[in-house]
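A quick write-up on the structure given underneath.
Every chain is numbered from 1 and lettered A, B, ... according to where its sequence line falls, protein lines coming before strand lines.
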Amino acid sequence: MSSTTGDAVLPTTSTPSIAVIETAGKKARKRLTSPWASLIAVVLAVLWTAPTFGLLITSFRPRADIDGTGWWHFFTKPTFTLDNYREALSSGSGGLGTNFINSIIITIPAVLIPISLAALAAYAFAWIEFKGRNLLFVCVFALQIVPIQVTLIPLLSLYVDAGLNGTFWTIWLSHTMFGLPLAIFLLHNFMKEIPRELIEAARMDGAGHVQIFFKVLMPLLTPALAAFGIFQFLWVWNDLLVALTFAGGTPELAPLTVSLANLSGTQGNAWHLLSAGAFISIAIPMVVFLSLQRFFVRGLLAGGLKG
Amino acid sequence: MTARNHRRRGLSLAGMAALALFASACGGSSADNDTAGGDPSKAPVAGCEEYTQYGDLSGKTVTVYTGIVTPEDAQLKATWAPFEKCTGATIKGEFDKTFEAQILVRAKAGNLPDIAIVPQPGLLQTLVKTGKAVAADQATTDMVDKNFSASWKGYGSVDGKFYAPPQNASMKSLVWYSPKEFTEKGYKVPTTLDELMTLTETIAKTGKKPWCAGIASGEATGWPVTDWMEDFMLRTAGPEAYDKWVNHEIPFNGPESTAALEEAGKYLKNSKFVNGGYGDVKSIASTTFQDGGLPILKGNCSFHRQASFYAANWPKGTTVAPDGDIFAFYLPGKAATDKPVLGGGEFMLGFRDAPEVHAFQAYVASATWANLAEQGGGGRCATPNKNADPAKAAGCSDIDKLAISVLQDPNAVFRFDGSDAMPSAVGANSFWKQATNWITGQSTKDTVDKIEASWPK
């Protein structure tokens, strides 16, 4: 922004209050776009990305080089290999291949189940009058405070009693439980923002709750659903604790994070595989995040502001 | 005995039923050809002779949970394969580095594996006390009696009841030295504690400080001294007193333990003997345990007492072999025939009372298994199984071979690292701290008194 002093004097025709707002906006913009601010932003971005970049380079270096020198030596003595990826993916040394599939099997239901339940619950909390609604909503909201660690042992014994242990259901249900309070809260706030007139008009036209939910609200909810979807996806994909507790090291159930934790070996001497393992594990979240990124920001702003 | 016969009959009945089921259910895997079945008259398939005693376990599954992960999980699985092939059972491994924390969670919630490979006697006791562990059956107990010394059986038992057969072991009673120096100077590997002292004095007379040590290890600074003291406690006071000392049946500042620390102090606190390559006695406290033995390579000292894992600490290009740059000898006992060994090991604790689980426990306790483990090489080499064939260990590292020979010695009396078994207020706190103070000048008497005072009442 190069236009500066002239703008502040210009709005003579508009009302004073608007002028004040405009100048404030300009000032803020001016301040934020100063070359210093840009410089700081660039420096921060570089500092933030450098370790990840180093990890990426490390993942392509031969083992001897990883053990011997830092990743920056790549620029003076470039060596390139795909062996780390091959070794990390192959099942011979506790590979990541099967676990990759497991991660997908775990993540998709663990995202879809809480979203569908939360959307229905949020609708009820937002648009259906019933006794004790506010109290119940506060209770659901308050459940976010419960740390998941205290629930692990009781939950596991419930699963064992129900005969669910050793199946994906334990992980799906746990993630659903842990995700629901936040999901209901976010979606409820988003739904509350939709003008009452819209709902009432639909009701006047004879729509019931089901029709209102699917025909009126669903199209408007997409950004919020996508935002929470990404949230839940990243949380489930990167989760180690829940998977470890409920699936253990069972090869048929364990997601990527569990085998990533074991990848370095009993004595930790295979740590050269970790960088490749890390990049294998972030590939899917990167795709998901980049493709849904615009919903992410919009949905968060929409749902989170109103309390 | 009647109960046992009953179980046997049940086993063979179940075996036959399983076989019938298996035969009708197509099969197709190689397993069905090899199952000799519960019928003893039928000749076993070649290569499976040693496995007939476990019976036919077709269709049965045993889950094994362990903290052993890559690359040793593959070595472990390789030792299970012949058992699976010959008995028809499936062994399902769960390999998880967080085993020690998770097994307690799973025990509390009731989500237990059939067998857990437990690396600590303390954890074993905790798990048995949950009431969910299953005692070993007669066949397993017989196998362990045949193949292992009484001390190993003792560590697998809780309150006199035998639960868990041992699997692999590691060894701490080692002194690292330079074989080259020994050949050049004509030194001989000492076989008694007195010979060790004489050799130490001989080397000290040449003006070289014979020993080097390092005990710095962040918050755990001091732990190598606890190993020193445990080794000398075992040697000067004997295994019985050692057990009483670990269980606090005799006080920490009693005459036996005071004498043991004094004995260790004859090496560690003698400024003529330490700290080769680094300085005076006090420099032991500021040298990291990883660096502790490295001066041997430069010829600045001759001896470094550290466990077998130290083999990984030598720089690249160092040959660790009886005729190489570096090797280790067994820290000798009082007499040449005394073989007290300090170390660690793993135990197969069962949680399900089923023939296939007992059969698998017995199998791991057998010499057949130990030979397979030695053949596989790598981290599964060191076995305390007396009847394992040392010739099978050709592919193992020289340090593992040494460990096997000491562990298999008929006179070997094995003891676990005692500080691990003491309450953590002592074993992971005051013992380390006071040991460090002891190195930096505190008297032996003050040291043992202060540790005794810190013992939880």
Side-chain angles (χ1 to χ4, degrees), chain A residues 63-64 67-68 87-88 90-96 99 149-167 170 174 240-255 257-274 277, chain B residues 61-78 90-117 119 130 132 167-168 170 307-313 315-317 344 346 351 378-381 397:
Chain A
R63 178 178 185 171
D67 285 346
E87 206 177 325
S90 72
S91 48
S93 59
L96 299 177
N99 304 100
Q149 286 84 348
V150 305
T151 66
L152 294 179
I153 292 180
L155 255 185
L156 185 56
S157 44
L158 285 177
Y159 290 142
V160 172
D161 291 345
L164 285 177
N165 61 315
T167 66
T170 54
S174 309
L240 174 65
L241 181 66
V242 173
L244 210 51
T245 312
F246 299 119
T250 323
E252 296 87 73
L253 297 180
T257 44
V258 171
S259 61
L260 203 58
N262 291 336
L263 198 61
S264 62
T266 315
Q267 266 102 38
N269 45 10
W271 63 273
H272 63 285
L273 296 180
L274 288 179
Chain B
T61 302
V62 181
T63 58
V64 179
Y65 186 39
T66 168
I68 296 160
V69 295
T70 53
E72 289 176 33
D73 58 347
Q75 294 162 0
L76 205 53
K77 273 191 235 167
T90 311
I91 311 297
K92 251 175 77 178
E94 285 182 55
F95 306 95
D96 175 9
K97 246 184 159 175
T98 55
F99 169 85
E100 281 165 49
Q102 287 298 329
I103 188 69
L104 292 171
V105 172
R106 292 177 63 168
K108 270 188 193 144
N111 184 24
L112 283 161
D114 294 340
I115 289 175
I117 304 182
T130 61
K132 288 173 180 138
Q167 187 187 258
N168 286 111
S170 67
S308 56
F309 74 81
Y310 201 75
N313 279 51
K316 269 186 196 141
E346 297 152 350
F351 291 102
R380 298 288 104 204
C381 272
S397 74

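- Here the straight-line distance linking atom CG of Leu152(A) with atom NZ of Lys108(B) works out to 11.5 Å at 0.5 Å rounding.
- Looking at residues two or more places apart in sequence or on another chain, you find a salt bridge (charged side-chain N to carboxylate O under 4.0 Å, His left out) between Lys92(B) and Glu252(A).
- In terms of heavy atoms, Pro251(A) sits closest to Gly93(B) at CD-O, 3.3 Å.
- The most heavy-atom pairs under 4.5 Å with chain B, out of Val160(A), Asp161(A), Leu155(A), Val258(A), come from Val160(A).
- To the nearest 0.5 Å, atoms CG (Leu240(A)) and OG1 (Thr98(B)) are separated by 7.0 Å.
- Partners of Phe95(B) by ring-ring contact (aromatic ring centres under 6.0 Å, His included), not counting sequence neighbours: none found.
- Of all the listed residues (Leu244(A), Leu158(A), Asn165(A)), the one sharing the greatest number of non-hydrogen pairs under 4.5 Å with chain B is Leu244(A).
- Considering every non-hydrogen atom in both Asn262(A) and Lys97(B), the closest pair reads OD1-N, 2.9 Å.
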